[in-house]
Number of protein chains: 2
Amino acid sequence: MNTRDKIINIADKFFYEKGFENTSFADIAANLNISRGNFYHHFKTKDEILDEVIKQRLKNTQNMVDNWDLENENPAARLKTFVKILIRNQSKIMEFGCPVGTLCTELSKLNHKAQNDANELFILFQTWMVRQFNQIEIYENANKHAMHLLMRTQGMAVIANAFRDENFVQTEVDNACSWIDEIIEKEGKNVRNLS
Amino acid sequence: MNTRDKIINIADKFFYEKGFENTSFADIAANLNISRGNFYHHFKTKDEILDEVIKQRLKNTQNMVDNWDLENENPAARLKTFVKILIRNQSKIMEFGCPVGTLCTELSKLNHKAQNDANELFILFQTWMVRQFNQIEIYENANKHAMHLLMRTQGMAVIANAFRDENFVQTEVDNACSWIDEIIEKEGKNVRNLS
DNA sequence: GTCTATAACTGGATAGAC
DNA sequence: GTCTATCCAGTTATAGAC
């Protein structure tokens with residue numbers, strides 16, 4: 001891996017774990033054993049690194065949901081796979097919160113110009129979920145339901161981070177999965193859709 | 001109002017709007033027309049200001065829920081009053097998120113020693129909601145339900161802050177109120193409790 | 001004695017020249 | 001890739017105002 005990509009990867013990790021503002025060039029440089037000057041060769045400003053981190057997250061997230069499409073037989077299972085991200089990444093989320101939510105929250109307080117770019121991460125999930133609902137012929141309420149699931153995962157992440165309670169996470173993930181079943185039961189058609 | 005209280009008030013506002021770390025003494029001093037050095041007559045460190053801000057928030061929050069107890073006739077109405085805080089403070093929440101959630105999130109990233117103190121704000125709401133459920137003779141699930149409502153409000157705040165969509169907030173507040181009705185319908189007894 | 005202002009110190013940050 | 005400049009944060013010391 002080249003130096004530029006290494007910088008982006010470590011920055012990505014630190015921005016998540018320590019926050020954007022609280023991460024310094026020195027933190028990143030020390031971790032990679034590179035000099036400040038080398039740094040400056042690849043990126044002019046810290047904001048530029050943030051842009052690249054967001055770009056990479058968008059790419060990785062897109063790959064992730066693409067895989068969810070392939071790995072699951074139907075939209076219900078896919079939506080549950082989304083919700084269960086809280087279980088798969090439980091320890092990280094309890095320690096640092098949701099990578100998307102906490103970044104958007106921080107950039108909002110900083111009134112940072114990359115706010116809209118970070119929000120695209122939310123929109124990617126939202127758009128993907130709308131598509132899942134569409135596949136079982138839920139159209140009118142598709143966006144409302146997608147936003148609802150997005151809301152739930154964010155709420156879970158914030159509370160999980162503050163309370164660090166595994167049982168809470170498991171209970172609420174189960175709740176959300178039940179909610180998916182109920183909505184599909186009530187509004188869904190073509191439920192065995194295998195596309 | 002004395003200088004000390006003025007400092008706490010402005011710090012409270014800025015910690016919410018700009019974040020704790022991103023708020024400098026210069027910001028506060030400029031706003032109050034006092035000198036930076038003057039701070040240290042009243043507080044030993046910046047962390048000490050944070051402690052006082054949290055103390056004040058706890059006091060104000062306690063007063064708020066005490067009023068909710070007086071102003072509403074029954075637990076269902078009280079719980080809905082809690083949820084509707086998202087409507088009453090809509091514009092602030094869309095701009096800055098939830099004061100409690102965003103503070104806890106930030107302190108978590110900073111690994112700040114005041115984390116537990118800030119979490120007490122969550123616990124205050126949680127305890128209060130448990131009491132509401134108890135009043136309609138919901139005991140076993142009281143805590144689960146309280147955490148669920150806490151989760152929903154946090155999720156709403158994060159998404160409201162990122163998407164800045166008033167309709168989303170209204171829809172989800174209505175959803176949460178319906179959820180309260182359903183739970184009480186299913187599990188509650190002594191529903192007309194006027195205590 | 002209590003409060004406030006001024007100025008200087010220290011460390012760490014980004015930025016940038018060489 | 002090293003080394004420096006510059007800035008700004010939190011902090012401290014001290015002197016003055018009420």
Side-chain angles (χ1 to χ4, degrees), chain A residues 1-55 102-103 106-115 117-118, chain B residues 1-56 102-103 105-115 117-118:
Chain A
M1 195 186 297
N2 61 33
T3 302
R4 186 187 154 88
D5 288 340
K6 279 186 197 163
I7 291 172
I8 296 173
N9 276 340
I10 291 287
D12 189 351
K13 176 182 155 76
F14 281 177
F15 290 175
Y16 176 37
E17 296 182 356
K18 297 159 57 89
F20 168 67
E21 241 214 345
N22 193 39
T23 299
S24 69
F25 282 142
D27 289 330
I28 300 172
N31 203 285
L32 291 178
N33 286 318
I34 61 172
S35 67
R36 258 301 285 122
N38 192 350
F39 221 107
Y40 202 74
H41 178 253
H42 296 287
F43 301 96
K44 277 195 276 293
T45 67
K46 193 179 171 184
D47 287 347
E48 211 170 276
I49 301 182
L50 177 61
D51 290 341
E52 290 306 310
V53 166
I54 293 174
K55 264 188 207 163
T102 56
L103 180 64
E106 181 180 3
L107 296 183
S108 167
K109 300 254 180 205
L110 299 177
N111 210 0
H112 195 286
K113 64 180 191 300
Q115 272 177 85
D117 295 327
Chain B
M1 195 186 299
N2 62 33
T3 303
R4 184 188 153 88
D5 288 341
K6 278 186 198 161
I7 292 172
I8 296 172
N9 276 341
I10 292 287
D12 188 353
K13 176 183 154 77
F14 280 179
F15 289 174
Y16 175 38
E17 296 182 356
K18 298 160 56 89
F20 168 67
E21 243 216 343
N22 192 40
T23 298
S24 70
F25 282 15
D27 290 330
I28 301 173
N31 202 284
L32 291 178
N33 284 317
I34 62 172
S35 64
R36 280 213 313 290
N38 193 353
F39 278 104
Y40 288 87
H41 177 71
H42 301 282
F43 304 95
K44 279 196 275 293
T45 65
K46 191 182 178 186
D47 286 347
E48 206 170 279
I49 301 180
L50 177 61
D51 291 340
E52 289 306 310
V53 166
I54 293 174
K55 263 190 208 162
Q56 176 169 295
T102 55
L103 180 63
T105 297
E106 181 179 3
L107 296 183
S108 167
K109 300 255 179 203
L110 299 177
N111 209 2
H112 195 286
K113 65 179 190 301
Q115 272 176 86
D117 295 327

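- Map B:Lys46 and B:Asn38 each onto its nearest nucleotide of DNA chain D; the residue landing nearer the 5' end is B:Lys46.
- A side-chain donor-acceptor contact under 3.5 Å links B:Asn9 and B:Gln56.
- If you check every strand for non-hydrogen atoms under 4.0 Å, B:Ile34 touches sugar and phosphate atoms only.
- The closest donor-acceptor contact from the side chain of A:Glu48 to the backbone of A:Thr45 lies at 3.5 Å or more, if one exists at all.
- Open room surrounds NZ on A:Lys44; 12 or fewer heavy atoms of other groups in view lie less than 6.0 Å from it.
- The CZ-P distance, from B:Phe39 to D:dT12, rounds to 14 Å in whole Å.
- A 4.0 Å heavy-atom criterion places the boundary nucleotides of DNA chain C facing chain B at C:dC3 to C:dA8, written 5' to 3'.
- Among the atoms of the strands shown, base atoms are found under 4.0 Å from some heavy atom of B:Tyr40.
- Per the geometry, NE2 belonging to B:His42 stands 17 Å off P belonging to D:dG10, to the nearest Å.
- Looking at A:Lys109 and B:Glu106, no side-chain N of the basic residue comes within less than 4.0 Å of a carboxylate O on the acidic one, giving no salt bridge.
- Nucleic acid contact class of A:His41 (heavy atoms, under 4.0 Å, all strands): none.
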**OP:** Evaluate side-chain contact (heavy atoms from CB on, under 4.5 Å) for A:Ile8 paired with A:Lys55, printing each intermediate quantity in order.
**Re:** CA-CA 10 Å; A:Ile8 296 173; A:Lys55 264 188 207 163; over 6 Å; no
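- Expressed to the nearest 0.5 Å, how far CG of B:Asn31 lies from OG1 of B:Thr23 amounts to 11.0 Å.
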